[in-house]
Amino acid sequence: MSADLPILSIVVWLPIIGGLLVLGSGDKAPNVSRWLALFVAVATFLLSIPLWTGFDSSTAAMQFVEKAAWIPAYHINYHLGIDGISMPLILLTTFVTILVVIAGWEVIQYKPASYMASFLIMEGVMVGVFAALDSMLFYVFWEAMLLPMFLIIGVWGGPNRVYATIKFFLYTFFGSVFMLVALIYLYFKSGSMGILDYHTLKLGITEQILIFAAFFVAFAVKVPMFPVHTWLPDAHVEAPTGGSVILAAIMLKIGGYGFLRFSMPITPDASHQLDLFVITLSLIAVVYIGYVALVQSDMKKLIAYSSISHMGFVTLGFFIVFMIASNENAETGAILGMEGGMVQMISHGFISAAMFLCVGVLYDRMHSREISDYGGVVNVMPWFAAFMVFFAMSNAGLPGTSGFVGEFMVILASFRANFWFAFLAAITLVIGAAYTLWMVKRVVFGDVTKESVAGLTDINAREALVLGSLAIMVLLLGLWPAPLIEVMDASIKNLVEHLAVTKL
Amino acid sequence: MEFDNSQLMTMLPEIVMLTGALLVLLVDLMVRDSDRMWPYALTLGTLLAAFAAAVSVGGGSSEIILGGNYVRDAMGDSLKGALLLIAIPLFIYAREGLRKMDEWRTEYLTLGLFSILGMMIMISANGFIALYLGLELLTLSLYALVAYCRDSSKGAEAAMKYFVLGALASGLLLYGISMIYGATGKIDFPGIMQQIAADNTGDNTIFVFGMVFVVIGIAFKFGAVPFHMWMPDVYQGSSTPVTLLIGSLPKIAAVAIALRVLAGAMESLHQDWYMMLVILAILSMALGNIVAIAQQNIKRMLAYSTISHVGFIFLGILSGTDEGYRAAMFYAVVYALMAVGAFGILIALDRKGVVVDQLHQLKGLNDRHPWLALTMLLIMFSMAGVPPTVGFWAKLFVLEAVVSIDMWWLAVIAVFFSIIGAFYYIRVVKFMYFDKPIDDEPVVVGGAAQTMLAVNGLAVLLFGLFPVLVFGLMKL
C-alpha cells in the first residue's frame, strides 16, 4: 500500500488541474483538447484503482488519510480519507467520467474544450466531496459542484436550458446554505470542523432535530426526494447527454452519501424520531413518481422520474434501519437495508448513466426525445436495440442485473420493519417494469412507420465501447455483488452500531 | 501636549500620500503631455511608496501620537495595506475608462489620492476629531468626483444628491459626537472608554442619544438601510471610473471607523448598540438583495448588492467578538477587491461613445471575450458567496461570528437572503454565457487593464483556495 503517496489528493486535483489545462488548450484545436481530456480522465481512473486494491475492508476506520492545516484560526483542515461507503462512489465517479468524455467526443462541436474541462473539474470536485473529512472542505467541494454543472446545462443544454439551470442552481443553493449554518453551529459545539468529531458529539434532541432539518433540506434536494424533486426533470431534459449522466449517476448519490455521512451519524436520535417522515417521503417517491414516469412522453423526462423513484429506494433502505431496530435480528436486518441502499446507489449510477447515454445516441441522430417520434428502431439499429433493451430490463430490476440486487435487499429489509412498506416498495418493481418496458416497446419495437427512423444508422464503435463497458458493469454487479458488499460491510456495520447508541 | 518630531515617522504613509497628491498637482502644471503619463506614474508610485511606508512603520505594539488623535496599530496596518494595494488596480482601470470617455484629466488622480488619504486618516483616527476630518476629506473629494464629468447632467444630479445627504449624515454624526463629548468630557476614544468604564458618563440619556446619532452617521456612510437612499442614484449617476472608487475602498474605511467607535470606545456598551446593528443588518440584507433583482442597470444593481454586503459586514461587527471584528475587516477587504473587479470589467467593455451599464449589454460576453467573462463569472460567484471563491469565506466568517454569540437565527436569516441574492448574480452569468451577443464589436481593452483584470479574477479564486493569505493579515 502506498501510504506515503497522497493518492486521494492526486485523484482530486489531477482532473481539476487537467481540466484547467484543457480549458487553456482552447477551442482552436478541438482534437488536442479531446485527447488531453481523455488522457486525464483515464489517468485519474487508473490512479483511483489503488484506492480499491489497497483498501482494507476489515476495518471501518478511515483510510488513505491526509491531513494538513488549512485555516488554523477556525480549525479548518485539509482532511481527506475514505471508508467503505465513500470508496465505491469515488470509483464510480472516475469510471463514469471517462464514459462522459468519450460520449461527448463528436457530439459537442460548440466549445468542446470548455465542455471537456467542465466535466474534468466536476470529476475532481465530486471526488473531493466523497473524500472530505473536514466539514468546511466538504462544503467547499459540495458548492463548487454547482459551478461547472450550472455552465454545462446552461451552455450546452436544450432550448429551455436557462430556466432549467437557474432552477437547478437555486434549488441546490437553497438546500445547502442551511446545512452551512448547521455546520457552523456544530463547530461551536465541538470546537472542531472534523466530520468524525461531529459523529461523537453529544447533542440535545431539539438541537438534533434542527440540525437534522438543515441537513435534510440540503440532501433531500440533492437526492432528490419528493416534494423537492421538481428541478431534476427540468435539469435532465435540458442538460446535454453528458450532463444528464453525471447528474443522475453521481450528483444524486451525493445526497444519499450525505445522509450516511452527516444526517444519520450526527443526529441519530432525530433521525430515529423522524424516520417515519423520511420513509413516507421515500415511499411517495417510489410509488407516486413511478406513476408520474408512466405518463411521460419525453424519454429523458421518463428516465429522470425513474431516477427519483429509484433513489427513493436508497433513502428507504437507509431510514428503515430505525424501524428494524425494534424487531428481532435487528442488526442483520439493518445492515441489509443500508447495504441495499448503497448497492442501489452504485447500480443506479451505472444504469441511469446507460439509459441517458442510450437516449443520447438516439437524440444525436434524430434531435428528438419524444417517444412518439420513434418506433421500430430495432429494425435499423439492432445493436443499439440490444443494449437499450438490456439496460431497460436492468432498470426494471431484472434478476441477474445490478438493478435487482439493491432493490431486492431493500425490500427484504423492509419486510423486517413493516409488511406494508415492503408491499409498497415491491409494487414499484411492477410499475418500474411497466414504464421502462412500455417506453422500450414504443421506441424500439414495432414496425418502422417514420421515414426519419428508417434512415438511422446503428451505433459506431465509440458508442458501442461506452454502452458495452456499462453493460459489463451492470452484469458483473448483478451476478456477483459480493466484492462490493464486502468492501462496505465493515463501515456499514460500524454505522449501524453507532446509530443504535443514543447521543442524548 | 508636547510635540516630538520623531513621532512623525509613525505617520509616514499619510505623509507620503499627501506629498504624492500635491506632487501630482504640480507635475500636471509643469509637464504638458496629453497622455498624462507622468501624473499617472507618479500616482501609482505614490501608492506603492505609501504601501512600503505602511509596511516599514507597521508591526509591533500600537503607538498613539499627535496628542492622542492618531493611532497606529495592527488593525490600521492591515486595513491601510489592503486599501493601498487595492487602489493600484483601481487607478489602472480608471485610466482605461477615462481615456475611453475622453475625460482623462489629472483631477481624478489628485482627488482620488486625497480621498484615499482621507480614508487612511479615518483608519488611524483615535478620536472623533481626526475621524471627522478624515471623513470630510474623503467625502469632499468624492462629491467633486461624482460631478467629474462636467457635461453630464446625471452626474451633476447625483453629486447634488450625494452632497445633500452626505452633509446631512455628517451633521448627524457631528451632533452625536457633540453629545458624547458633552456627556463624557472626552473626545478621544480611549478617554471615552475610560469614562464609560468609570461610569462617568454624566446624563445617561444624552450619552445614549449621542451613541444613536453616531451609529446613524456610520450607517449613512456605509449605506445601510434605511440610510441607503443615496447609493443607487450616486452609483448610477457617476461615470463608471468614479463609481469604481466610491463603490469599493470607502467600505474599508467605514469598517475601520465602526470598529474604532463601537468596538473600541464603546465596547463595554455592546449590549446597547448591537441590537441597532442587528436591525440595520437585516434590513440591508433584505432590501439590498430583493431590490437588486429588479434592476436592469448593472451599476444600480451593484449598488443594491453593496447594500446587502454592508448587512453582512454588520453581522461581523455586531457580534462583539474579536473573531467577528476580524471577519468584518476581511469581508470589507474582500468586498473591495470584488467591487473593483466588477466595475473594472464594465470599464473594459466601454467603447468610445458607448457606456456599458445595462445588463443586456453583457449578452454573449463569453463569445466576445472569454477571459473577461471568466473573470466576471468568478467575481459574481464570489459576491454570491459560492465556494471556492473568496466571497464564500467572507460570508462564512461573519456567519460564524453571529453563531458564536448564539444568534444562529440571524445566520439563518442571512443565508436566506443570500439565496435570493444568488439569483441576480447568476443572472449576470446567464447573460454572459447562455445568451448570444447583441453586438459583435470587438472588446478593446488596454494591456495593463486586461492583465490587471485577469490578476483580479484569479485573486478571487486564489484567496478562495487559500483564504489564510488575506485572513491571516487581518489583525486587531
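Because only heavy atoms are used, hydrogens play no part in the values below, and waters and symmetry mates are left out as well, while side chains stay in. Below, read A as the first sequence line, B as the second, and so on, with proteins coming before strands; counting in each chain starts at 1.
Here the CG atom belonging to B:Leu399 is positioned 15.5 Å from the OH atom belonging to A:Tyr185, to the nearest 0.5 angstrom. Expressed to the nearest 0.5 Å, how far CG of A:Leu151 lies from CE of B:Met432 amounts to 9.0 Å.
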Worked verdict on B:Trp393 versus A:Val140 for side-chain contact (heavy atoms from CB on, under 4.5 Å): CA-CA 10 Å; B:Trp393 298 105; A:Val140 167; 3.6 Å; yes

Might you work through the side-chain hydrogen bond (donor to acceptor under 3.5 Å, both in side chains) test for A:Tyr110 and B:Asp367, ending with a clear yes or no? CA-CA 11 Å; A:Tyr110 177 72; B:Asp367 288 333; 2.8 Å; yes

Could you check B:Lys395 against A:Leu180 for side-chain contact (heavy atoms from CB on, under 4.5 Å), going step by step and ending with a plain yes or no? CA-CA 11 Å; B:Lys395 285 209 165 62; A:Leu180 178 65; over 6 Å; no

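Heavy atoms closer than 4.5 Å to chain B are found nowhere in A:Leu183, neither backbone nor side chain. For A:Phe169, the part lying under 4.5 angstrom from a heavy atom of chain B is the side chain only. Heavy atoms closer than 4.5 Å to chain A are found in both the backbone and the side chain of B:Phe397. Residue contact with chain B, scored on non-hydrogen atoms closer than 4.5 Å, involves the backbone and the side chain of A:Ala144 alike. Heavy atoms of B:Val402 lying under 4.5 Å from chain A are absent altogether. For a residue to count as touching a neighbouring chain, one of its non-hydrogen atoms must lie under 4.5 Å from one of that chain's; by this rule B:Ala384 touches chain A with the backbone only. Looking at A:Ser114, there are no atoms closer than 4.5 Å to chain B (heavy atoms on both sides), in backbone or side chain.
Taking each heavy atom of B:Glu400 and A:Tyr187 in turn, the nearest pair found is OE2-CD2, 3.7 Å. Taking both residues in full, the closest heavy atoms of B:Val386 and A:Glu143 are given as CG1-O, 3.9 Å, listed atom of the first, atom of the second, then distance. The minimum heavy-atom distance between A:Arg161 and B:Phe434, with the atom names listed, is NH2-O, 2.7 Å. When all heavy atoms of A:Leu147 and B:Pro387 are compared, the pair lying nearest together is CD1-O, 3.6 Å.
In terms of heavy-atom pairs under 4.5 angstrom with chain A, the leader among B:Phe466, B:Trp408, B:Phe381 is B:Phe381. For the set A:Gly154, A:Ala182, A:Gly157, the entry with the most heavy-atom pairs within less than 4.5 Å of chain B is A:Gly154. For the set A:Tyr139, A:Trp142, A:Phe141, the count of heavy-atom pairs under 4.5 angstrom toward chain B peaks at A:Tyr139. Chain A forms more heavy-atom pairs under 4.5 Å with one residue of B:Gly385, B:Ser404, B:Gly472 than with any other, namely B:Ser404.
Of the possible donor and acceptor atoms, none in the side chain of A:Trp70 sits under 3.5 Å from a partner among the backbone N and O of B:Val468.
Using a 4.5 Å heavy-atom cutoff, the side chains of B:Phe392 and A:Met136 are in contact. Between A:Phe150 and B:Tyr433, every side-chain heavy-atom pair lies at or beyond the 4.5 Å cut-off.
Residues of residues 416-427 of chain B lying under 4.5 angstrom from chain A, judged on non-hydrogen atoms, are B:Phe416, B:Ser418, B:Ile419, B:Ala422, B:Phe423, B:Ile426 in numerical order.
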